[in-house]
Structures are given as structure tokens and as C-alpha cells.
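Below is one structure; the comments refer to it alone.
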Amino acid sequence: MTKRLKIVSWNINSVRARTALVERLLDEHQPDVLCLQETKVVDGTFPSDLFRSRGYVHMALNGQKMHHGVAILSRLPLNDPGRHDWQDNGEARHVGVRLECGIRLENVYVPAGGDTPDRNVNLKFGQKLDFIERMTRWSDGLCEPTIIVGDFNVAPLECDVWSHKALLNVVSHTPIEVEALGRLQQAHGWIDIGRKFTPAPTRCFTWWSYRSPDWTKNDRGRRLDHMWASPELAGHLAAHIVLEPCRNWERPSDHVPLICELHI
DNA sequence: ATGGCTGGTAGAACCAGA
């Protein structure tokens, strides 16, 4: 008799501006654990009551004023909370916990990387590459079953963007970022859960710019959000879904939620 | 069509996102 563990990851682009959407997601999909990125709120004013009232009484927060910020909200107990500063500049971009089933869950918000894909003229691009490099060294030494989810801000495959050719020199899809993410994936044999259940070259996007008047019109999306599993969990993966309809909810985030389910 | 929008914060002809 196996149980199922349902995890959702969502770049919410301000948790306070989208409380109604978060409530709807919890009501409709009933995840065991919700990982949020870009909460944009300090821990002291995080809307904890919203989650507590729905049974998500276990929380691991890492927020900061205005920007970034991550949170794990859970119906299951969370142990050994930890934070990494993989950019080494104080920004709140990671929080990790251990579930009682023995799985370690890491929630990450990789820096966007600014406009110009050249670390010599754009500090933020270098910080993004350094962040991924530090994650690579960290994941090289892992020795427990781990799920890492979040906004990686890299669309690695040609089919992860609306036009590979048009985005080759656009931050999020440049070869230097794709190679850095590839080294990270190889360092621990991470399984790309999204592509396990939706193999390339099937279209799979998780983000559409706010700037398009109609995000569906040209469908200029990118797969920036990911869920990865360490190799020993391969036989436990049960499902993966991208909740694309959430991009049509009222005042949506520009990212949509991802769900994965595991047999535990 | 590298920004056409959005949120936070201040009270901006701002910044950041990607």
C-alpha cells in the first residue's frame, strides 16, 4: 500500500497580491506541499493565516523586502530547514527542508541574470552563472533522496522556448546558461521530471511575458520552471503536470504552477 | 516588437522581472 506525495511549485510574483489565486490552487489541487518563489514579502508579514486555515501549518520561509523570497508551505511536518546563499550576496533565493518520508525538498529561485548575456558587462549575468556553479558543487556531494524545484530561469532545450533561433542570444536560453545548467544536472544525475513525463520535443512552457497583450496569441512561452529528482527516486515518480490554465486566471502570475507526484 | 505589462515602494520622468 503506497501513498502519494503531491508537490506544487509556483513562481507567484507576490504572494500578497495573489492570495485569492493561491487559495484557489490549494482548493482545486490539494497538494501536500507548496513551494513558492518570488513571494516579495518579509517573513514577519507573510500571509501565514491563509495557509494555516487550510491545514498548511508547517512553514519554512526565506523572505526579504520587495524582491525575491521563497517559501515552503506544508500539511506534512517539515524538518531541518536550511538556506543556501548560492549567489553570496544576501538575497533570499533558497529554502530547503526534509520530509518525514526521508525526502529532502529544495526550493530555489535562480537569478534572472539581467539583460546582456556577458558577465564582463553585466554583473547580474555573472552572478547567475556563479549561482548555478555553486549549486553544481553543492549537488555533487548530495547523498540523500532529493527533489529540487523552482524557477531556474533557464530554458534548456530547443523545444523549451517558442523560437530557439530567436532566443539564442536572449538571457534564459543562451548556450552559456544552458551548458551551466547541464553541468548542474550531470553533477548529480538529476532527473528532469517535466521531460520524463512530457518528452522532448513536445511543447511545454511554464512562463509567458506580461508584455504580450494576449499571451495565447503567439504563444511565446518558455519552460523556465523545473522539478528535478535525484536518481534514487526514479522508480517513485508518478506524475508531472504544468497547470497552464492558471495563466488565464484573473490577475495571474506570469509563471504557472507545476505539480509532481511521487509514490512514497 | 529587448518590451507592448506588473508589483512593490515611495510618493518617481523609480526599480526589477526575463
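Model, not experiment: these values are computed from the prediction. Within every chain, numbering begins at 1; the chains are lettered A, B, ... in the order of the sequence lines, protein sequences first and strands thereafter.
The gap from the C1' atom of B:dA12 to that of B:dA1 amounts to 26 Å, rounded to the nearest Å. A distance of about 11 Å separates the C1' atoms of B:dC15 and B:dA10, rounded to the whole Å. B:dT9 and B:dG3: their C1' atoms are spaced 23 Å apart (whole Å). For the C1' atom pair drawn from B:dG11 and B:dG17, the interatomic distance equals 22 Å after rounding to whole Å.
Listed for the A:His226 side chain is a donor-acceptor partner under 3.5 Å among the backbone atoms of A:Val154. Of the possible polar contacts, one joining the A:Gln185 side chain to the A:Trp190 backbone as a donor-acceptor pair under 3.5 Å is found. Between the side chain of A:Thr174 and the backbone N or O of A:Val171 there is no donor-acceptor pair closer than 3.5 Å.
Residue A:Trp208 contributes atom CH2, which lies 19 Å from atom C1' of B:dG3 at whole-angstrom precision. Rounded to whole Å, the distance from CZ on A:Arg18 to C1' on B:dG8 is 12 Å. Rounded to a whole Å, the CH2 atom of A:Trp249 is 18 Å from the P atom of B:dT6. With rounding to whole Å, A:His173 atom NE2 is found 15 Å from B:dT2 atom P. Distance CG (A:Asn218) to P (B:dT2): 12 Å, rounded to an integer number of Å. Regarding A:Glu250, its CD atom lies at a distance of 11 Å from the P atom of B:dG7, rounded to whole Å. If you take CG of A:Asp118 and C1' of B:dT2, they are 16 Å apart, rounded to a whole angstrom.
For the residue pair A:Trp10/A:Asp225, the side-chain donor-acceptor check at 3.5 Å is not satisfied. Remark: the A:Glu144 side chain and the A:Ser230 side chain contain no N/O donor-acceptor pair separated by less than 3.5 Å.
Here A:Arg220 lies out of heavy-atom contact (under 4.0 Å) with every strand.
Note that CG of A:Asp80 and CZ of A:Arg104 are 6.0 Å apart. Values are rounded to the nearest 0.5 Å.
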Give the dot-bracket string for DNA chain B, reading 5' to 3', where a pair is Watson-Crick or G-U wobble with both distances under 3.5 Å, ( ) marks pairs inside the strand, [ ] marks pairs crossing earlier ones, | marks a partner on another strand, and . marks unpaired. ....((((.....)))).
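Mapped onto DNA chain B by nearest heavy atom, A:Ala166 and A:Asn13 fall at different nucleotides, with A:Ala166 at the one closer to the 5' end.
Aromatic ring pairs are classed by plane angle as parallel below 30°, tilted from 30° to 60° and perpendicular above 60°; the pair A:Phe197 and A:His240 is parallel.
Environment of CG in A:Asp118: crowded, with over 12 heavy atoms of neighbouring residues, nucleotides or ligands closer than 6.0 Å.
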Heavy-atom contacts, protein to nucleotides 9-18 of chain B, under 4.0 Å, summarised as B (base), S (sugar-phosphate only) or - (none) per nt, yield SS-----SBB
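Of the side-chain N and O atoms in A:Arg251, none sit less than 4.0 angstrom from OP1 or OP2 of B:dC5.
Here ring pair (Phe, Tyr, Trp, His ring centres under 6.0 Å) pairs that include residues 57-82 of chain A, with residues two or more places apart or in two chains, are A:His68-A:Tyr109.
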